[in-house]
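Quick notes on the structure that follows.
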Amino acid sequence: MTDDAETPADTKLTRTKQAWARAGKFLTGRVARPESERLPPGQHLVKDWPVLDLGLQPEIQLASWTLDIDGAVEQPLHWRWADLLAQEQTRDVSDIHCVTTWSRYDNHWEGVSTRTLLDLVRPKPEAGFVVLHSYDGYTTNLTLEDFASEDAILAHGWEGKPIPTEHGGPLRLVLPKLYFWKSAKWLRRIEFTLANQPGFWEVRGYHDRGDPWREERYSDD
Ligand SMILES: Nc1nc2c(c(=O)[nH]1)N[C@H]1C(S)=C(S)[C@@H](COP(=O)(O)O)O[C@H]1N2
Ligand SMILES: [Mo]
């Protein structure tokens, strides 16, 4: 499960979402965000929490779980579960915005802030990007700046409980300010890179950055 080429890309949902990217589906053409607005353009509110993935939900036992943090950093790390829990823990409440147009307010997350991680690994000056690798073969890319967002959390808890497997447990990223496809579930490796390396959805017609307030759903070409 470490080879990205094995990603089970050819599911019905994957094909549908690729077609949406080609067609520009859900774009409202609006750009501005009035201060009073909490729901980004083209989104609707849900109360439940939909599950979206490639149709493969890896079951990772905590005893065999590991997280590698490597690439262009001064101090690469190889964490087991106890190492993750030994770090300073952070809680945050944030909204989810999925590119398929649902949003969910007030999610209570617990985990390790990406800033805590950055202090430990110390990215090299030339590192500008991050690639997240997951146990299901999924990848997604971020700028180092977005990864370092104040409210970005390597999350293991949701609403006071472990994050359920279908939602990315044991550990997922939560990066509230970008569409949720950037929040990789089942994290296995965080790689710091010099160059931008588009991930699973980014090479399938989705936007490189994915800011919901700018409706950055799809790439322009
Ligand atoms: N590893 C992995 N992470 C992933 C995905 C995936 O398929 N695999 N899907 C992304 C997408 S498109 C979305 S909308 C969210 C969905 O998270 P949820 O299932 O907890 O709602 O996870 C993102 N992270
Ligand atoms: Mo998504």
Side-chain angles (χ1 to χ4, degrees), residues 1-21 25-27 40 42-60 65-68 94-111 130-142 146-147 152-159 161-191 198-212 215-219:
M1 250 315 116
T2 57
D3 187 350
D4 293 343
E6 287 176 11
T7 301
D10 194 31
T11 65
K12 185 157 176 273
L13 179 65
T14 304
R15 288 194 297 274
T16 304
K17 286 173 78 176
Q18 270 190 272
W20 289 349
K25 197 167 155 81
F26 307 134
L27 292 175
Q43 297 294 111
H44 69 277
L45 201 54
V46 299
K47 293 272 186 250
D48 58 345
W49 186 8
V51 173
L52 278 105
D53 48 53
L54 307 175
L56 190 157
Q57 298 174 352
E59 286 273 356
I60 307 121
W65 178 92
T66 61
L67 177 68
D68 286 299
S94 59
D95 299 343
I96 296 172
H97 306 299
C98 173
V99 72
T100 62
T101 75
W102 59 269
S103 293
R104 190 179 190 286
Y105 289 165
D106 293 324
N107 298 274
H108 295 69
W109 302 106
E110 182 174 358
V130 176
V131 182
L132 305 175
H133 301 260
S134 298
Y135 278 97
D136 61 341
Y138 185 81
T139 57
T140 191
N141 58 307
L142 299 165
D146 281 333
F147 180 78
I153 294 185
L154 305 169
H156 55 75
W158 176 76
E159 306 303 330
K161 293 179 295 253
I163 297 180
T165 298
E166 66 267 28
H167 288 300
L171 189 77
R172 75 174 301 159
L173 181 72
V174 173
L175 181 41
K177 75 177 189 194
L178 299 179
Y179 282 123
F180 213 34
W181 89 77
K182 294 290 186 178
S183 292
K185 310 201 278 191
W186 310 297
L187 269 180
R188 126 179 119 68
R189 180 182 177 207
I190 301 170
E191 179 189 11
F200 182 89
W201 285 117
E202 294 82 7
V203 302
R204 287 172 176 79
Y206 283 77
H207 197 276
D208 198 60
R209 175 142 192 266
D211 179 345
E215 244 190 316
E216 292 173 342
R217 298 180 190 276
Y218 313 118
S219 55

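We count ligands from 1, going down the list as the structure has it; atoms in each ligand are counted the same way. Scope of the values below: all heavy atoms of this structure, side chains included, with no hydrogens, waters or symmetry mates. Small disclaimer: the values here were computed from a predicted structure and weren't measured.
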Shortest protein heavy-atom distance from [atom], along with the residue and atom involved:
atom	answer
atom 21 (O) of ligand 1	Pro50 O, 2.7 Å
atom 9 (N) of ligand 1	Leu52 O, 3.4 Å
atom 13 (C) of ligand 1	Phe180 O, 3.8 Å
atom 6 (C) of ligand 1	Tyr138 CD1, 3.5 Å

Options Asp53, Leu54, Asp136, Leu187, ranked by nearest heavy atom to atom 8 (N) of ligand 1, top entry: Asp136

Nearest heavy atom to atom 22 (O) of ligand 1: which of His133, Gln57, Arg172 does it belong to? Arg172

Lys177 meets the salt bridge (Lys or Arg N to Asp or Glu O under 4.0 Å) criterion, sequence neighbours left out, with Asp146

Counting only N and O atoms by type, is there a donor-acceptor contact under 3.5 Å from the side chain of Thr16 to the main-chain atoms of Lys12? yes

Could you walk me through whether Glu215 and Arg217 satisfy the salt bridge (Lys or Arg N to Asp or Glu O under 4.0 Å) test, starting with their C-alpha distance in whole Å, then the side-chain angles of each, then the deciding distance to 0.1 Å, before giving a yes or no? CA-CA 5 Å; Glu215 244 190 316; Arg217 298 180 190 276; 3.0 Å; yes

Is ligand 1 under 4.0 Å from a heavy atom in the side chain of [X], in the backbone, in both, or in neither?
X	result
Tyr206	neither
Lys17	side chain
Tyr135	neither

Applying ring pair (Phe, Tyr, Trp, His ring centres under 6.0 Å) to His207 and not counting sequence neighbours gives none

Classify the angle between the aromatic ring planes of His167 and Trp158 as parallel (below 30°), tilted (30 to 60°) or perpendicular (above 60°). tilted

How are the rings of Trp20 and Phe26 set to each other: parallel, tilted or perpendicular (split at 30° and 60°)? perpendicular

